[in-house]
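First the structure, in the form of structure tokens, and then the observations on it.
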Amino acid sequence: MKIGKPRLIMDPYEWLPGYGESGVSFRSVGLNVILDIDYEKEILVDNEEVVLALRREITFNHVRCFIREPFPGGSIFEFDSASDEFELGKLTEFTDSDWLTNNLSTWRRMWNQEFPNFRHFSIQFLSENITFHVLAADVFLSDNLLGI
């Protein structure tokens, strides 16, 4: 399936350390899918470096479907735009997506009602070597949370 016309939503390397995340997991709560991103941050306490275990959540609201794939590796998606428009490791919305178009067509045929305004989001986690593609109505990033 072709994807194109990427639009940057968020760059997690604005808050992740340069070496990236320590771990990524996902869970669902109702119609939402939440990505838990664990990472470490060094801070100074009394002139001594302390490493904090932190976590942030990326919450996709009203999810229609999602795909988790190894990265790099085979993908069901084929990027159909200039390669300099898309940057790995950043939360991106693909405004041109066969996956989204096909899902909306199926929605119309099956439900014969107004469909939610779904969007195609994607993010790659370069240290964990996974990528997520999500069809959802919206996405939100939490503040820093203490890790486990």
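These numbers come from the heavy atoms of this one structure, side chains and all, not from hydrogens, waters or symmetry mates.
Considering CZ of F121 and CG of L91, their distance stands at 7.0 Å, rounded to 0.5 Å. Summarising the geometry, atom CD1 belonging to I123 is positioned 4.0 Å from atom CD1 belonging to I58; distances are rounded to the nearest 0.5 Å. The OG1 atom of T101 sits 7.0 Å away from the CG atom of D96 when rounded to the nearest 0.5 Å. Interatomic distance, CZ of F125 versus CG of N129, reported as 12.0 Å (0.5 Å rounding). Atom OG in S97 sits 9.0 Å away from atom NE2 in H133 (nearest 0.5 Å).
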Show me the donor-acceptor pairs within less than 3.5 Å that the side chains of residues 9-19 make with the rest of the protein, sequence neighbours left out.
{"from": "D11", "atom 1": "OD1", "to": "Y13", "atom 2": "N", "distance (Å)": "2.9"}

Would you tabulate the side-chain donor-acceptor contacts of residues 40-54 under 3.5 Å, counting partners in other chains and residues two or more places apart, or write 'none'?
none

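For the pair N32 and N61, the tightest heavy-atom approach, listed with the atom from each and the gap, is OD1-CA, 3.1 Å. Scanning all heavy atoms of the two residues, the minimum distance from L126 to F71 falls at CD2-CE2, 3.6 Å. A136 approaches F60 most closely through the heavy-atom pair CB-CB, 3.9 Å. Minimum interatomic distance between F94 and S122 (heavy atoms only, all atoms of both residues): CE1-CB, 3.6 Å. Nearest heavy atoms, H120 versus L100: N-CD2, 4.3 Å.
A distance-only check finds a donor-acceptor pair linking the side chain of E21 to the backbone of S127 [under 3.5 Å]. Panel note: side chain T92, backbone K90; a donor-acceptor pair is recorded below 3.5 Å.
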Given V63 and S28, is the side-chain contact (heavy atoms from CB on, under 4.5 Å) satisfied, shown in steps? CA-CA 9 Å; V63 172; S28 62; over 6 Å; no
Please determine whether side-chain contact (heavy atoms from CB on, under 4.5 Å) holds for the pair R56 and Y39, giving the CA-CA distance in whole Å, both sets of side-chain angles, and the decisive distance to 0.1 Å. CA-CA 8 Å; R56 287 186 96 169; Y39 63 101; 3.5 Å; yes
In sequence, state the C-alpha distance, the side-chain angles, and the governing distance for L135 and R119, and then conclude on side-chain contact (heavy atoms from CB on, under 4.5 Å). CA-CA 5 Å; L135 293 186; R119 299 158 61 192; over 6 Å; no
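In this structure R7 satisfies the side-chain hydrogen bond (donor to acceptor under 3.5 Å, both in side chains) test together with E93, sequence neighbours excluded.
By the criterion of side-chain heavy atoms lying less than 4.5 angstrom apart, applied directly or through intervening Ile, Leu, Val, Met, Phe, Trp or Tyr residues, L88 is grouped together with F77 in one hydrophobic cluster. Follow the hydrophobic side-chain contacts under 4.5 Å out from F140 and you never reach L35; the two are in separate clusters. When the side chains of ILVMFWY residues are joined at heavy-atom separations under 4.5 Å, either directly or via intervening members, I76 and F118 end up in a single hydrophobic cluster. Criterion: ILVMFWY side-chain heavy atoms under 4.5 Å apart, direct or through other members. Under it, F66 and I34 are not part of a common hydrophobic cluster.
We find that R55 and D36 are joined by a salt bridge, their nearest charged nitrogen and carboxylate oxygen being less than 4.0 Å apart. Salt-bridge formation is detected for the pair R27/E57: a Lys NZ or Arg NE/NH1/NH2 atom is positioned less than 4.0 Å from an Asp or Glu carboxylate oxygen.
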